[in-house]
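A short write-up of the structure that comes next.
Since the model is a prediction, treat every value here as computed from it, not as a measurement.
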Amino acid sequence: RDMIKKQLRDKIPGVEVIDAPDGARALAQMKNQSVDLILSDWEMPNMTGAELLTTVRAMPNSEKTPFIMISSRGDRNHIVKAIELGVSDYLSKPFSADELLKKVFKQLKLIW
């Protein structure tokens, strides 16, 4: 998470990065603040990235929020499941800063 936050802050001037250690806390933060983009790990404690994605897609005003799933599991079945759940993009670990930024900018261009 720290590497991702640093890359976003360094490469996107004025970006506000909200950080949560798990999906449940991310949802709690989203109740108080709107977000332009969600980056989520698939494997988190308390609530998986898939559960977070499903919950976000069911929320009013968040069903179209770009959602990039990050996972160490890059097998085809895993990616297909993420797409079926409504993910906007998928990033397999390990990834470079360039790969991260390319996917983030791609999603932000769709909404800005």
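Contact record, V17 with R9: O-NH2, 3.6 Å, taken as the closest heavy-atom pair. Residues Y90 and S92 come closest through the heavy atom pair CE2-OG, 3.5 Å. Listed here is the closest heavy atom pair of G49 and S40: CA-OG, 3.6 Å. Nearest heavy-atom pair across E43 and S71 is OE2-OG, 4.4 Å. Scanning both residues, V87 and D89, for their nearest heavy atoms gives CG2-O, 3.0 Å. Here the closest non-hydrogen pair linking T65 and S88 is O-OG, 4.1 Å.
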Check: When you look at E51 and W42, which way does the side-chain contact (heavy atoms from CB on, under 4.5 Å) test go after all the steps?
Finding: CA-CA 9 Å; E51 292 167 330; W42 189 293; over 6 Å; no
Next item on the list: Please lay out, stage by stage, how F95 and I4 fare under the test side-chain contact (heavy atoms from CB on, under 4.5 Å).
Entry: CA-CA 10 Å; F95 55 87; I4 291 171; 3.9 Å; yes
Margin query: Show, in sequence, the C-alpha distance, side-chain angles and deciding distance for V56 and E63, and conclude whether the side-chain contact (heavy atoms from CB on, under 4.5 Å) test is met.
Written below: CA-CA 6 Å; V56 166; E63 61 272 355; over 6 Å; no
Next item on the list: Test side-chain contact (heavy atoms from CB on, under 4.5 Å) on K11 and V104 and set out the steps.
Entry: CA-CA 11 Å; K11 303 295 184 189; V104 166; over 6 Å; no
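One hydrophobic cluster holds both I79 and F67 under the rule that ILVMFWY side chains link at heavy-atom gaps under 4.5 Å. A continuous path of ILVMFWY side-chain contacts below 4.5 Å connects F105 to M3, so both sit in one hydrophobic cluster. Residues M69 and I83 share a single hydrophobic cluster, defined by chaining ILVMFWY side chains whose heavy atoms lie under 4.5 Å apart. A single hydrophobic cluster is seen to contain both I18 and M59, as judged by linkage of ILVMFWY side chains at heavy-atom distances under 4.5 Å, directly or through other members. In terms of hydrophobic clustering, with Ile, Leu, Val, Met, Phe, Trp and Tyr side chains grouped at heavy-atom distances under 4.5 Å, I12 and L39 are assigned to a common cluster.
A distance of 13.0 Å separates CG in D98 from NZ in K103, rounded to the nearest 0.5 Å. A distance of 9.5 Å separates CG in L52 from CG in D22, rounded to the nearest 0.5 Å. Taking CG of L53 as the start and CD1 of I38 as the end, the distance is 8.0 Å to the nearest 0.5 Å. For the atom pair D10 CG and K5 NZ, the distance stands at 12.5 Å (nearest 0.5 Å). Atom-to-atom distance recorded for I68:CD1 and L37:CG is 5.0 Å, nearest 0.5 angstrom. Within the model, atoms NZ of K102 and CG of L91 stand 11.0 Å from one another, a figure rounded to the nearest 0.5 Å.
Of the possible donor and acceptor atoms, none in the side chain of R57 sits under 3.5 Å from a partner among the backbone N and O of L85. Looking only at distances, no side-chain donor or acceptor of E16 sits under 3.5 Å from a matching main-chain atom of G14. In terms of modelled atom types and a separation under 3.5 Å, the side chain of E99 and the main chain of S96 share a donor-acceptor contact. No donor-acceptor distance shorter than 3.5 angstrom exists from the side chain of T48 to the backbone of M44, with no hydrogens or angles considered.
Ion pairing between a basic and an acidic side chain is recognised when a charged N comes within 4.0 Å of a carboxylate O; D41 and R1 show no such pairing.
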